Amino acid sequence: MAENVKPRVRVPRDATAGETIIIKTLISHKMESGQRKDDDGNVIPRSIINRFTCTFNGESVIDVAMEPAISTNPYFEFEVTVPESGTFEFTWYDDDGDIYTDTKEIAVS
Amino acid sequence: MKLTRRHAIVMALGSAAAFTMPFRAYAAVEEDIEAFTGGVEIGTGGITLVAPEIAENGNTVPIEVDAPGAEAIMILATGNPVPAVGTFTFGALAGSQSAATRIRLAGTQDVVAIARMPDGSFVQASQEVKVTIGGCGG
């Protein structure tokens with residue numbers, strides 16, 4: 001069970017229709033790679049977030065398959081074209097089966 | 001020291017191991033590429049990979065990829081124990097086929113980005129990153 005996992009997402013509050021906006025996401029997670037060893041020389045088991053998705057009103061924006069080479073506190077920045085007002089849904093899938101989500105509203109004029 | 005037959009065999013085995021180890025890591029890269037492209041020839045152009053020339057800390061190296069029109073982009077760190085870094089798949093609403101993230105690099109190596117285009121072709125870009133402190137621990 002991963003502790004202190006906190007997603008943070010930055011989305012502009014409003015946009016004009018068809019505008020391309022930048023979204024930045026960060027989630028605090030240790031992303032244990034499965035390569036490191038503890039003081040006794042035992043391998044620390046892998047524990048990472050293995051997938052991240054972003055959808056807008058149910059339609060896919062980006063889907064990232066993640067491997068242990070993604071840094072601690074995974075950060076993603078990408079662009080989205082917003083056709084209408086709606087809700088962004090961000091989902092992170094942990095190795096241990098946990099799912100972390102965050103949602104953001106955007107008003108399109 | 002006299003070179004006995006036993007010494008010769010040990011030395012031969014040692015050098016054989018030294019040759020196969022980097023080759024094995026290389027084979028993993030080949031496998032990942034094969035799995036992504038299905039053996040299709042990879043072209044160049046139409047994809048940009050931005051990575052620092054020198055990264056002081058291999059634990060968090062900022063990278064950016066941009067491949068206009070691509071369906072998916074795979075990132076590989078060819079010198080890592082596990083070369084695969086991640087695959088970005090872009091949906092209909094993606095404003096551009098670009099993304100930025102931070103990755104771990106075990107040491108100085110080439111970072112490779114391969115993009116799959118809607119017509120089934122592939123393009124790649126690579127960039128060498130010099131790493132001062134590796135990011136794989138132990």
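Values in this document were obtained by computation on a predicted structure and should not be read as measured data. Values reported hereafter were calculated over all heavy atoms of this structure, with side chains retained and with hydrogens, waters and symmetry mates removed.
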query = Within 45° of the ring axis of Tyr93(A) and under 6.0 Å from its six-membered ring centre, is that where the NZ or CZ of Arg51(A) lies?
reply = yes
query = What part of Pro74(A) lies closer than 4.5 angstrom to a heavy atom of chain B: side chain, backbone, both or neither?
reply = neither
message = For a quick test of reading the model, state the closest non-hydrogen atom pair linking Ala15(A) to Ile106(A) and the distance between them.
response = CB-CD1, 4.0 Å
inquiry  = Are Phe90(A) and Tyr100(A), when compared by the centres of their aromatic rings, separated by less than 6.0 Å?
reply    = no
message = Could you check whether Ser96(B) and Glu79(A), counting side-chain N and O atoms only, form a donor-acceptor pair closer than 3.5 Å?
response = yes
Heavy-atom proximity to chain B below 4.5 Å, by part of Thr20(A) = side chain
inquiry  = Between Thr72(A) and chain B, with a heavy-atom cut-off of 4.5 Å, which part of the residue counts as in contact: side chain, backbone, both or neither?
reply    = both
ask   = How close do Asn80(B) and Arg104(B) get, heavy atom to heavy atom, and via which atoms?
value = ND2-O, 3.0 Å
query = Can you say whether Leu26(A) sits under 4.5 Å from chain B via the side chain, the backbone, both, or neither, judging by heavy atoms?
reply = side chain
inquiry  = Surrounding CD of Glu56(B) (heavy atoms of other residues, nucleotides or ligands, distance under 6.0 Å), is the total greater than 12?
reply    = no
key: Choice from Arg102(B), Gln97(B), Met74(B) maximising heavy atom contacts with chain A below 4.5 Å   = Arg102(B)
task = Would you mind checking which part of Ala94(B) comes under 4.5 Å of any heavy atom in chain A, side chain (CB onward), backbone (N, CA, C, O), both or neither?
result = both
inquiry  = Heavy-atom pairs under 4.5 Å with chain B - which of Ser60(A), Pro83(A), Ala69(A), Ser71(A) has more of them than the others?
reply    = Ser71(A)
query = What residue in Ala99(B), Gly95(B), Ser98(B) has the most heavy-atom pairs under 4.5 Å with chain A?
reply = Gly95(B)
